[in-house]
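Numbering of residues begins at 1 and proceeds along the displayed sequence. Just follow the structure's listing: the first ligand is 1, and inside any ligand the first atom is 1. Just so we're clear, the structure is a prediction, and the values are computed from it rather than from any experiment.
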Amino acid sequence: MLVFEGRPVYGGVAKGKIHIYAKSENRVRKITIEDCENEIKRFHEALSLASGELDLLHKTVFSEIDGKDADIIEAQRLMSEDEYYSDNVENYIRTQKVNAEYAVLLFLKDFEDKHSGEDEFFKSRISDIKDFSERIIRILSKTQEEFSDYTEDTIVCFEDALPSDILKIDKTFVKAVIMKNGSLYSHAAILLKAKSIPSIICPDFPMDEKMEGKDIITDGYSGKIFSEMEDEIQDKIVNELQGENIHIIQNKNSDAILTEIKQEISDRNEQTVLTENKQDASNSPVRKGNNNSFGICANISDISELDSAIENNADGIGLFRTEFIFIKSETLPTEEEQFKIYSETAKRMKGRKVIIRTIDIGSDKRCDCIKLPLEENPSMGLRGIRLCLKYPEIFKTQLRAILRASAYGKVCIMLPMITDLWEITETKKILEEIKTEFDIQNIDYDKNIELGIMVETPAAVMCADDLAKEADFFSVGTNDLTQYTFAIDRNNAIADRYYDSHHPAIMKMLKETADAAHKNGIEVSVCGELGADVNAIDELIEMGYDGVSVSCGMIRTIRNYIS
Ligand code: PEP
Ligand code: MG
């Protein structure tokens, strides 16, 4: 038996067949085909779907935003009618007897080789063709690989999981996820926790095709992955592991490993009994030193998580990551679509606070419906409030939807990635415009709706006193605050060593932020992952924090701990 040691992301023991999930550009496999005409038909169907997608994108998005971008989209759409492109791909299918995806790749490679030394015009043409071909390959492979296509328990292994990959996971047969690269603070990891999918980051796990289809067991509590075990021992291991965090095991034979697992578990009996005897305080109010209540709210990325927030008795929604509504959608979500989601959330939370964060697209959170420029360093580029202010139409649509939803509950607006006062005042101007329109049209909204900000950049901490005079509340995003303070990409596999949300630098920033908020009479909470860390709660309470917002699965743990 082989045991790989990784880092746990979300607890749970799973057994299933491993599936190596390749990135779209790697997903293209060469398949020899007999029926060339059928393959050519598939290719033409993909061309027409791509044309439809680009047409929609052109009409609904870019004509409203930027004429130049609209031209690029139209140029790409015209490629679906380009005979040079389709004749060449068809030719590869016929002469090489290969699948359409592979023929597109062959054409692309040949085109790049032929024109590599050409001028800027050709370089930009190559990049358009690449972009278009990626779309065709995505459409073609979509019909081949979907998470919902699995028919048996599967453990999916990603090289680099994107948030959009995790969003697509259907839990019917996907029982666990292994990420070869990535960090505990990436949005992919945060979503895995939000979706309660047992998961592990394991850089040592072999991503080669030989692993495909093998039976493995993953233990999301300890981060261990077991493979190549005898059939008869698999269920025994799963049974022993359920709910346990095992810190042992080298590469030994299966019986020896099972004995060790059992020993480790029996050594913990005393502790287990203690835990079981502890009262479940999940419904009792949580108090802090000065007798004010300490709020434990829920972070959600999708309306489907509301059930869990309500079941776990969340004091409110402290962070609704609305960008995931955009990431899931191929076209820009309309005001009506957004209004429906926000108002339903407000209604179901029955007067409890619902903090809706305006879209934090950018960095690793990319979406098909907003074409972002290619940036060398996207975490430091057009992200969060910067993107919203650059595309005021998208921003205004979202603000209108939130404002309308505020008539149905205690809705608040929160702005991500604030670094300066002007970003708040600019937003307020847009809000005032909308309010005036609503007043004229007799549209209901909460006239006292609060506008708060995320404090997640060192600049915001340093200017917290000024920002607190303009904002109605602060919510500290320790995930990004840590990333930007230590100059360490939160998605990078080396993050663990350098990324430390408990570091005195972060603690000092947290204290300064809380002091600035309270000096100006506004509330401050933490909605980054540090808020869900029991080792940080005492300090946050001591600093005077008014609450935390955590993934739904962590609400009980935090409430029990504080109680
Ligand atoms: C944060 O940065 O801490 C935060 C809560 O926002 P996100 O994780 O969505 O960037
Ligand atoms: Mg953030």
Q) Of all the non-hydrogen atoms in the protein, which one sits nearest to atom 6 (O) of ligand 1, and at what distance? A) Arg357 NH1, 3.0 Å
Atom indices of ligand 1, in the order listed, that fall short of 4.0 Å to a heavy atom of [X]:
{"X": "Arg490", "value": "2 (O), 7 (P), 8 (O), 10 (O)"}
{"X": "Arg321", "value": "4 (C), 5 (C), 6 (O), 7 (P), 8 (O), 9 (O)"}
{"X": "Met454", "value": "4 (C), 5 (C), 6 (O)"}
{"X": "Asp480", "value": "1 (C), 2 (O), 3 (O), 10 (O)"}

Q) Would you call the rings of Tyr185 and Tyr499 parallel, tilted or perpendicular, where under 30° means parallel and over 60° means perpendicular? A) parallel
Q. Is there at least one pair of N or O atoms, one from Glu323 and one from ligand 1, spaced under 3.5 Å apart?
A. no
Q. What N, O or S atom of Asp480 is found closest to the Mg ion (ligand 2)?
A. OD2
Q) Which atom, among the N/O/S set of Glu456, is closest to the Mg ion (ligand 2)? A) OE1
Q) Can you tell which part of Leu481 has a heavy atom less than 4.0 Å from ligand 1: side chain, backbone, both or neither? A) neither
**Q.** Structural part of His187 in contact with ligand 1, heavy atom criterion under 4.0 angstrom
**A.** side chain
Q: Check the side chains of Glu529 and Ser501 for a donor-acceptor pair under 3.5 angstrom, ignoring hydrogens and angles.
A: no
Q. Between Glu375 and Leu382, is there a donor-acceptor pair closer than 3.5 Å when you use the side chain of the first and the backbone of the second?
A. yes
Q: Report yes if some heavy atom in the side chain of Leu389 is under 4.5 Å from a heavy atom in the side chain of Ile430; otherwise report no.
A: yes
Q. Does Glu323 pair with Arg357 as a salt bridge, N-O distance under 4.0 Å?
A. yes
Q | Inter- and intrachain pairs under salt bridge (charged side-chain N to carboxylate O under 4.0 Å, His left out), touching residues 453-470, at least two apart | A | Lys428-Glu470, Asp465-Lys469, Asp465-Lys519
Q) Gln483: heavy atom below 4.0 Å from ligand 1, yes or no? A) no
